[in-house]
Protein chains: 2
Amino acid sequence: MPTDARTTTRVRAADELKHAALEQFSTVGFAGTSLQHIADEAGYAKSSVLYHFASKEALLEAAIEPAVAGFEDVLEIFLAGRGGRRDARRHELVDRVVDLLLEHREAVHVFLTQGQSLAELPIIARANVAVRRLAAAVCEERESVDDQVRFGIALGGAAFLLTAGRTFADEATMPTDDELRDALRRIIADILTPAPTPSN
Amino acid sequence: MPTDARTTTRVRAADELKHAALEQFSTVGFAGTSLQHIADEAGYAKSSVLYHFASKEALLEAAIEPAVAGFEDVLEIFLAGRGGRRDARRHELVDRVVDLLLEHREAVHVFLTQGQSLAELPIIARANVAVRRLAAAVCEERESVDDQVRFGIALGGAAFLLTAGRTFADEATMPTDDELRDALRRIIADILTPAPTPSN
DNA sequence: ACGCTAATTGACCGATCGGTCAGAGACTGC
DNA sequence: GCAGTCTCTGACCGATCGGTCAATTAGCGT
């Protein structure tokens with residue numbers, strides 16, 4: 001059993017590597033990222049990356065697993081919940097998903113935009129299942145084209161905004177995360193509710 | 001001056017390569033795509049790719065330039081237009097952008113999601129400028145956080161839906177492009193119009 | 001039939017890829 | 001002080017990367 005000092009050292013190195021890896025995976029893609037570059041960014045040698053993680057795929061899994069687990073948790077909470085009206089439950093779901101997006105924005109961007117090409121990796125397959133179940137839960141029995149489009153735009157759009165969107169943000173007008181959280185909660189709930197006639 | 005047969009042959013080869021390249025660039029990313037794989041997909045040798053295009057970067061430029069030019073055109077039409085109310089002009093802009101997204105979905109996905117990491121390439125820099133100008137045009141003088149978020153979600157979400165979104169689409173429920181066009185026009189216009197009070 | 005050019009290809013180049021391995025320091029418990 | 005373990009590293013491996021080049025094939029006008 002390792003000592004505290006050892007544990008923190010090991011954990012810190014692994015965390016630094018995961019963080020550097022996520023940044024690269026979400027901007028240049030998994031296939032386009034080299035272990036050498038990740039190591040350089042984090043201040044280690046390439047061999048050190050493969051000491052802490054068995055392979056490039058294992059590093060990806062370790063980096064995005066918390067985000068995938070978060071989606072699964074949020075989904076189960078929503079599916080298990082019986083109390084409250086449908087509106088309230090859905091608002092809760094949106095709030096939780098927005099929190100997830102803000103906390104794990106890079107990881108979510110990775111498995112949303114590369115879920116196709118990396119589908120053979122178990123962790124990505126898990127993420128794809130979670131996203132599909134989330135879509136089914138949000139659209140419920142209504143499976144019209146509009147509902148699918150609204151869900152896809154809301155989820156993909158939020159993920160885009162929080163990562164790639166920074167490319168197009170004006171110089172000093174970058175909103176804080178709290179401003180973003182507030183805006184995203186309102187706007188996404190708005191998008192998923194198809195402009196109901198006010199008396200509905 | 002080449003003959004018709006020669007021209008069509010040359011054009012067809014270049015088009016096949018551009019099409020194969022776009023599919024790879026939009027799914028695994030520019031850095032993660034190899035010329036060898038592009039050549040294999042299109043049925044040519046790697047040397048042939050570099051015969052038709054001076055470099056990997058030149059291939060990217062040739063593949064996405066029409067999409068970038070389309071954005072620039074749509075933007076200028078919108079900025080030059082004086083007639084009609086603001087609503088009508090904005091609806092026209094949305095319709096044209098949706099058409100662009102449907103026609104050039106892969107190219108748009110490329111420069112939206114990789115505009116950060118490829119910013120040093122001239123064609124990508126051009127695309128980034130066009131997107132920024134489009135954002136400014138849509139939000140006009142109103143530069144609230146909400147407006148920026150709505151624009152980012154609408155554009156990024158639509159691009160996501162049309163490419164990566166297929167990963168999560170249910171088996172046989174894939175809508176046709178015409179259904180998508182119709183839904184996108186209505187929903188995006190809806191998203192960009194911040195839930196006006198009905199009597200407004 | 002001939003020469004010319006466009007189109008395509010395989011062989012090859014240096015660099016970099018993901019991954020292996022033996023060993024060098026650093027720190028632990030004894 | 002010493003053995004043991006954890007962390008980290010450079011040297012090295014076969015494969016693949018983007019790119020060059022000379023040679024081959026095919027089709028054109030004359």
Side-chain angles (χ1 to χ4, degrees), chain A residues 1-22 24-25 27-63 110 114 117-118 120-124, chain B residues 1-22 24-25 27-63 110 114 117-118 120-124:
Chain A
M1 212 45 137
T3 281
D4 261 12
R6 285 235 277 252
T7 302
T8 53
T9 296
R10 160 188 263 150
V11 167
R12 201 182 67 220
D15 278 353
E16 287 170 348
L17 289 170
K18 280 188 283 189
H19 185 263
L22 269 185
Q24 294 299 310
F25 290 160
T27 53
V28 285
F30 177 75
T33 300
S34 71
L35 295 179
Q36 182 69 65
H37 196 236
I38 294 172
D40 290 346
E41 290 288 309
Y44 292 90
K46 185 180 69 168
S47 319
S48 296
V49 181
L50 290 156
Y51 166 76
H52 286 283
F53 305 96
S55 67
K56 195 183 177 184
E57 283 81 9
L59 171 55
L60 173 69
E61 157 148 10
V110 166
Q114 304 176 60
S117 59
L118 304 179
E120 73 274 7
L121 302 184
I123 183 64
I124 298 290
Chain B
M1 211 43 138
T3 277
D4 262 11
R6 287 235 278 252
T7 303
T8 53
T9 296
R10 160 187 263 149
V11 167
R12 203 182 65 218
D15 279 353
E16 289 169 346
L17 289 171
K18 280 188 283 188
H19 185 262
L22 268 185
Q24 295 298 311
F25 290 160
T27 53
V28 284
F30 177 76
T33 300
S34 71
L35 295 179
Q36 183 69 67
H37 196 232
I38 294 172
D40 290 347
E41 290 287 309
Y44 291 90
K46 185 180 68 169
S47 319
S48 295
V49 181
L50 290 156
Y51 167 76
H52 288 281
F53 306 95
S55 65
K56 194 184 178 185
E57 284 80 10
L59 171 55
L60 174 70
E61 157 148 9
V110 167
Q114 304 176 60
S117 59
L118 305 178
E120 74 274 7
L121 302 184
I123 183 65
I124 298 289

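Letters A, B, ... mirror the listed sequences (proteins, then strands); counts begin at 1.
When rounded to the nearest whole Å, the span between CG of B/Leu50 and P of C/dA7 equals 15 Å. Protein atom CD of B/Gln36 is 11 Å distant from nucleotide atom C1' of C/dG10, rounded to whole Å. The CG-P distance, from B/Asp15 to C/dA7, rounds to 13 Å in whole Å. For the pair A/Phe30 CZ and C/dC17 C1', the interatomic distance rounds to 12 Å; values are reported in whole Å. For B/Leu59 and D/dC17, the CG to P distance is 15 Å, given to the nearest whole Å. Rounding to whole angstrom units, NE2 of residue A/His37 and C1' of D/dC17 are separated by 17 Å. Between the C1' atom of C/dT8 and the CZ atom of B/Arg12 lies a distance of 14 Å, rounded to the nearest Å. Between the C1' atom of C/dT20 and the CZ atom of A/Phe53 lies a distance of 18 Å, rounded to the nearest Å.
Interatomic distance, CG of B/Leu118 versus CD of B/Glu57, reported as 9.0 Å (0.5 Å rounding). The line from NZ of B/Lys56 to CG of B/Leu59 is 9.5 Å long, rounded to the nearest 0.5 Å. Atom CG in A/Leu22 sits 9.0 Å away from atom NZ in A/Lys18 (nearest 0.5 Å). Of the inter-residue distances, the one linking B/Ser117 atom OG with A/Gln24 atom CD reads 9.0 Å to the nearest 0.5 angstrom. Annotation: the span from B/Glu61 atom CD to B/Leu121 atom CG amounts to 9.0 Å, rounded to 0.5 Å.
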_What does the B/S/- profile of nucleotides 8-14 of chain D look like, 5' to 3', with a 4.0 Å heavy-atom cutoff to protein?_
BBBB---
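Of the residues A/Tyr44, A/Phe25, A/Phe53, the one that meets the side-chain contact (heavy atoms from CB on, under 4.5 Å) test with A/Ile38 is A/Phe25.
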